[in-house]
Amino acid sequence: KKRGRKKREGMVTSKIDAPFVHRLLILFVAVLIELAGGSIYSFGTYSPGLKDKWNFSQTQINLVFVLSNIGLYTAFIVGFISDRLGPRAAMMYSLICVGGGYCIVYLVLAGFIQIFFPLILGAFFFVGQGCWGMYVTPLYINIKNFEIEHRGKLTGLLAGTFGISSAVYTSIYKRGYHEFDKMPQFFLGLTCATILCCLLGCVFLRTIPLKIRDPHKAELETKDNTPLVVSLPSSEKHINVYMGPPETFKQLDFWLLAFIGMTTIGTGLMIISNIGSIKMSLGGIPGSQNSLVITISIVSCSTRIAFGTLSDKLSMYVQREVFVLIAVILISLSAFVFTFASDFLYLPVILLAMGYGGVQVMIPTLLSFYYGLLNFGANFGFFAIAPAAGSLALNFMAGSFYDRQKENGATNCYGEKCYVTIFIIAGISNTISAI
């Protein structure tokens, strides 16, 4: 009887793998968090409304977006918190930053606080900090919870969800919140959604150790650990999979990835933040940029999932770095196509979204393979300073060129002359990255 009971119990446990169910639950919560955290990418939708309501110049509204990107891509503090104190502390930090930032914007729009430009800059900086925590913390937890052969797919899924969120918020915004008197309600909704999802992360996000290490999987990890440029004496050696700052800074591969991120992601962020003004300068009407924002979001999400899945499936035949090269070429092409696209922007927008999505999923995947997961949050956080620098430089130049091309006394610039120079600069810089 005892043997039969043990046998039946073994059959039950084999059918229902409780840790696996817990991993799926954590993954589901992570998707919700990414969906809320990606709200930062909807800036291009509501930035024309903020610009008109607050009477900002194009340089000023670009600076607001740049500060949000600096917050988003200099959040190495979140990485250290996640690595050292765990996901709950990281999600609490994110809650305070993103919830507080959106709440300040709501209070200013609703008239409870007087408009003060440095306050707006600070609010969006902390929104960026919080959104980065909502991106990297669920990603870090889930790539630890699943086997290595699923790493690309998981990164693609979560990064794709983070990217698709702008389509969700854009659809909500244009359906009833684009009017001046309803904009405060939109930001109040952003505040509540991000705080709720951060609280879910505090409750559910945790690491569930894998039971058995398959020697074949370990071999796969070793093969995938070889960087594009090995900074060690022999190509037979591999970078330490537990390496973190400052040792990471001594690796040539890290700086190559940083330069690629600075040009490609910087270009993507510059165009995403200016897409409304780009469309308006070419004769678009207010709100016509919404379809472009949704297109970027959907195509970017699809590409992230596709690149992540294919890089896993083809890892034994095609180096993952090849996918990075394809993404860089797509972004370079998009920048040059923008220079003569006239008012039909869908072709360059699709090319940009494909390349941008590919880079966003492949670079964190490569960092995890090059330097392991122990210091992943810190390594990824310090890498992200490069896209922030690229976004800062390109957005500042884009705003300056735009304001210089305006007619005397005009509020807005019209014609291809408004952005052609920055598109050429972006195209050349991304061509250098591809080389």
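The model shown is predicted, which means the values in this text are computed figures rather than measured ones.
Scanning all heavy atoms of the two residues, the minimum distance from C202 to M91 falls at SG-CB, 3.7 Å. The two residues Y169 and L35 make their nearest non-hydrogen contact at CE1-O, 3.4 Å. For the pair P19 and I208, the tightest heavy-atom approach, listed with the atom from each and the gap, is O-CD1, 3.9 Å. Considering all non-hydrogen atoms of both residues, V328 and A434 come closest at CG1-N, 3.5 Å. Minimum interatomic distance between V98 and C198 (heavy atoms only, all atoms of both residues): CG1-SG, 4.3 Å. Considering all non-hydrogen atoms of both residues, S311 and G308 come closest at OG-O, 2.9 Å.
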Check the pair Y370, T248 against side-chain hydrogen bond (donor to acceptor under 3.5 Å, both in side chains), reporting the backbone distance first and the verdict last. CA-CA 10 Å; Y370 287 1; T248 313; over 6 Å; no
Output, in order, the C-alpha distance, side-chain angles, deciding distance and verdict of side chain to side chain contact (heavy atoms under 4.5 Å, CB included) for R151 and L373. CA-CA 11 Å; R151 189 171 298 178; L373 297 179; 3.8 Å; yes
T263/S429 under side-chain hydrogen bond (donor to acceptor under 3.5 Å, both in side chains): CA gap, chis, key distance, verdict: CA-CA 6 Å; T263 58; S429 63; 5.4 Å; no
Kindly determine whether R304 and S300 satisfy side-chain hydrogen bond (donor to acceptor under 3.5 Å, both in side chains), including the steps that lead there. CA-CA 6 Å; R304 295 180 200 210; S300 176; 3.0 Å; yes
For a side chain to side chain contact (heavy atoms under 4.5 Å, CB included) check, start with the C-alpha distance between M354 and I350, then their side-chain angles and the critical distance, and finish with the verdict. CA-CA 6 Å; M354 291 174 65; I350 290 173; 3.9 Å; yes
With side chain to side chain contact (heavy atoms under 4.5 Å, CB included) as the test, would you mind laying out the steps for Q251 and Y371 before giving the verdict? CA-CA 10 Å; Q251 304 300 321; Y371 311 117; 3.5 Å; yes
Check the pair L292 / Y346 against side chain to side chain contact (heavy atoms under 4.5 Å, CB included), numbers first and verdict last. CA-CA 7 Å; L292 294 174; Y346 283 98; 3.8 Å; yes
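Of the possible polar contacts, one joining the S334 side chain to the I331 backbone as a donor-acceptor pair under 3.5 Å is found. Side-chain atoms of N145 never come within 3.5 Å of backbone atoms of R23 as a donor-acceptor pair (strictly under, hydrogens ignored). A donor-acceptor contact shorter than 3.5 Å is absent between the side chain of S281 and the backbone of Y414. Of the possible polar contacts, none joining the S82 side chain to the P87 backbone as a donor-acceptor pair under 3.5 Å is found. In this structure a side-chain-to-backbone donor-acceptor pair under 3.5 Å is missing from S391 to A388. Between the side chain of Q185 and the backbone N or O of K182 there is no donor-acceptor pair closer than 3.5 Å. In this structure a side-chain-to-backbone donor-acceptor pair under 3.5 Å is missing from T309 to A306. Of the possible polar contacts, one joining the D312 side chain to the G152 backbone as a donor-acceptor pair under 3.5 Å is found. For T264 (side chain) and I260 (main-chain N/O), a donor-acceptor pair under 3.5 Å exists by modelled atom type.
Under a cut-off of 6.0 angstrom, the local environment of CZ in F336 is crowded, with over 12 non-hydrogen atoms contributed by other residues, nucleotides or ligands. Counting heavy-atom neighbours within 6.0 Å of Y93 OH, excluding the residue itself, gives a total above 12.
Relative orientation of the F380 and F383 rings is parallel, given thresholds of 30° and 60° on the angle between their planes. F124 and Y102 have perpendicular rings, their planes meeting at more than 60° on a 0 to 90° scale where under 30° would count as parallel. Between Y106 and F112, the ring planes lie tilted relative to each other; the angle falls in the 30° to 60° range. Ring orientation note: the planes of F307 and F323 are nearly perpendicular, at an angle over 60° on the 30°/60° scale. Between F254 and F249, the angle of the ring planes lies from 30° to 60°, which puts this pair in the tilted group. A tilted orientation is assigned to the rings of F43 and F65, their planes being inclined by 30° to 60°. Classification of the F80-F382 ring pair by plane angle, with boundaries at 30° and 60°, yields perpendicular.
The shortest distance between side-chain heavy atoms of V136 and F376 falls below 4.5 Å. Two residues are said to be in side-chain contact when any heavy atoms from C-beta on lie closer than 4.5 Å; N379 and P245 meet this criterion. The side-chain heavy atoms of L25 and F204, taken from C-beta on, include a pair separated by under 4.5 Å. Proximity of W54 to L109: side-chain heavy atoms (C-beta onward) are separated by under 4.5 Å at one or more points. Taking 4.5 Å as the limit, every side-chain heavy atom of V203 sits out of range of all side-chain heavy atoms of L199. Proximity of F396 to L63: side-chain heavy atoms (C-beta onward) are nowhere separated by under 4.5 Å. Considering only heavy atoms from C-beta on, H22 comes within 4.5 Å of R206 through its side chain. Side-chain contact between K51 and N412 is present, with heavy atoms from C-beta onward closer than 4.5 Å.
By the side chain to side chain donor-acceptor pair (under 3.5 Å) test, N430 pairs with T267, sequence neighbours left out. In this structure K313 satisfies the salt bridge (charged side-chain N to carboxylate O under 4.0 Å, His left out) test with no other residue, sequence neighbours excluded.
To the nearest 0.5 Å, atoms CD1 (I432) and OG (S332) are separated by 9.5 Å. Here OG of S400 is found 10.5 Å from CG of N395. Values are rounded to the nearest 0.5 Å. Atoms CZ and OH, on F187 and Y173 in that order, are 7.5 Å from each other to the nearest 0.5 Å. If you take CG on L27 and CG on L205, they are separated by 10.5 Å, rounding to the nearest 0.5 Å. Taking CZ from F126 and CD1 from I104, the interatomic distance works out to 8.0 Å, rounded to the nearest 0.5 Å. Remark: S165 OG to I40 CD1 distance equals 10.0 Å, nearest 0.5 Å.
Taking the six-membered ring where the residue is Trp, the centroids of Y402 and Y419 are separated by under 6.0 Å. If you look at F117 and F56, their ring centroids are closer than 6.0 Å.
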